[in-house]
2 protein chains.
Amino acid sequence: MTEKATPSSEAIKAWARLMRVSRQLMESAEEALKAAGLPPLAWYDVLHELAEAGEGGLRPFQLIERTLFAQYNISRLLARLEADRLVEKLPVADDGRGQTIRITANGRETRRQMWAVYGRSIAELVGAKLSGEELTMVSALLGRLRQPPASD
Amino acid sequence: MTEKATPSSEAIKAWARLMRVSRQLMESAEEALKAAGLPPLAWYDVLHELAEAGEGGLRPFQLIERTLFAQYNISRLLARLEADRLVEKLPVADDGRGQTIRITANGRETRRQMWAVYGRSIAELVGAKLSGEELTMVSALLGRLRQPPASD
DNA sequence: TGACGATAAATGCATATGCATCTACATAGA
DNA sequence: TCTATGTAGATGCATATGCATTTATCGTCA
């Protein structure tokens, strides 16, 4: 009804900026991790979620909900993390299909090292460029673009 | 000196939003193209640049400057575009190493079809969610995050 | 002119991703 | 209990990506 097939020039510009800047920043952060001999960002995302989850761990499908990874992607990522002893897979008592993923001490340490680099990237690439108010505004505006529209 | 190793909570939140939302929106747009039986976004980016460039075309290294693709990525992408007759490769008179890439009529038509879908995605995902003023503000704020810091 | 470092573009090889499917177990219904 | 349908997670296969290197040409300087 009110659907527009053609976006406004403001919308196009905002879209282009969003796509380009996010990719650039991601690449910068990725580069910094690599330069420090650390694993890629994707690993951080998973280790972060697992660290937050604590000793109880998380099921793979919960990781899928919390991150933007596809199911096969998580499956393989967890296999690599396990091979590196950063996480461990535990059987689930009441569901023979599933497993619980728990971060290891090793994994916590790796996450800490990654954060030292990743956090610095965020501080430099974003924190140093905009004021606190501006950052809050960016968050609020971007929040309204989420898929699907959330409430938070 | 004034470098901070630890980002503020506002910076972290803005970063997280930026990464998550941009990925989600990109995936939505990508999905729409796929659903319409059209090529992926990356193809659009290149076809768009070439369409803008007109009959003179562009050298691959110019495409690399204008987009965020790596050299080997452009090389292969152009090979696929050429195989699909969407672009043509022409020898360059004064530089035997290089080639000029020109979009074909076919390529223009494909780009047009892609824009019908892609533009609709932008309108729905971004244009419908924020006002013109807000969109302008997003562009301005994101513009200040560019790497390397530009003037525009 | 000839040698050498720089630039344009392609490519071999290893790894990662996407898609579809598969296996295993769970749950519901006859 | 048996069967059908659903859900959790893994995987085979095709394609795409990243990295390093290669090939070809350019430009410069002795």
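The sequence lines fix the lettering, A, B, ..., with proteins before strands; numbering per chain opens at 1. Note that these values count all heavy atoms, side chains included, but never hydrogens, waters or copies made by symmetry. What you see is a predicted model; the values in this text were computed from it and never measured.
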*Would you kindly compare B:Asp94 and B:Arg80 by the position of their nearest DNA chain D nucleotide and give the one closer to the 5′ end?*
B:Arg80
*Phosphate contact (D:dC19 OP1 or OP2) by A:Lys34 side-chain N/O below 4.0 Å*: yes
*Atom OH of A:Tyr72 to atom C1' of C:dA20: distance rounded to whole Å?*
11 Å
*If you check every side-chain atom of B:Phe61, which of D:dA10, C:dA16, C:dA8 has the closest atom?*
C:dA8
*Where the side chain of B:Gln62 meets the backbone of B:Arg59, is there a donor-acceptor pair that is under 3.5 Å apart?*
yes
_Interatomic distance, A:Leu58 CG vs D:dG9 P [rounded to whole Å]_ = 11 Å
*Pairwise side-chain contact, B:Leu78 with B:Pro60, heavy-atom cut-off 4.5 Å (strictly under)*: yes
*asked:* Looking at B:Arg17 and A:Ser139, would you say the former's side chain and the latter's main chain have a donor-acceptor pair under 3.5 Å?
replied: yes
_Between P on C:dA26 and CD on A:Gln99, what's the gap in Å once rounded to a whole number?_
14 Å
_Checking contacts here: which listed nucleotide (C:dC13, C:dC19, C:dA24) is nearest the side-chain heavy atoms of B:Arg76?_
C:dC13
*Would you tell me if any nitrogen or oxygen in the side chain of B:Lys89 comes within less than 4.0 Å of OP1 or OP2 on C:dA8?*
no
*Output yes when a side-chain donor or acceptor of A:Thr104 lies under 3.5 Å from a complementary backbone atom of A:Arg85, and no otherwise.*
yes
*Expressed in angstrom and rounded to an integer, what is the separation of B:Asp95 atom CG from C:dT7 atom P?*
13 Å
_Between P on C:dT7 and CD on B:Gln62, what's the gap in Å once rounded to a whole number?_
16 Å
*Atom-pair distance (CD1 on A:Ile74; P on D:dG9), nearest Å*: 10 Å
*Between A:Asn73 and A:Ala93, which is nearer to the 5' end of DNA chain C once each is assigned its nearest nucleotide?*
A:Asn73
*Rounded to the Å, how far apart are B:Glu31 CD and C:dG18 C1'?*
13 Å
*Whole Å only: how far is the CG atom of A:Leu90 from the P atom of D:dG9?*
13 Å
*asked:* Check this one for me: any side-chain N or O of B:Arg59 less than 4.0 Å away from OP1 or OP2 of C:dA9?
replied: yes
*Counting only distance, no hydrogens or angles, is the base of C:dA10 paired donor-acceptor with the side chain of B:Gln71 under 3.5 Å?*
yes
*Residues two or more places apart in sequence or in another chain: which of them pass ring pair (Phe, Tyr, Trp, His ring centres under 6.0 Å) with B:Phe69?*
none
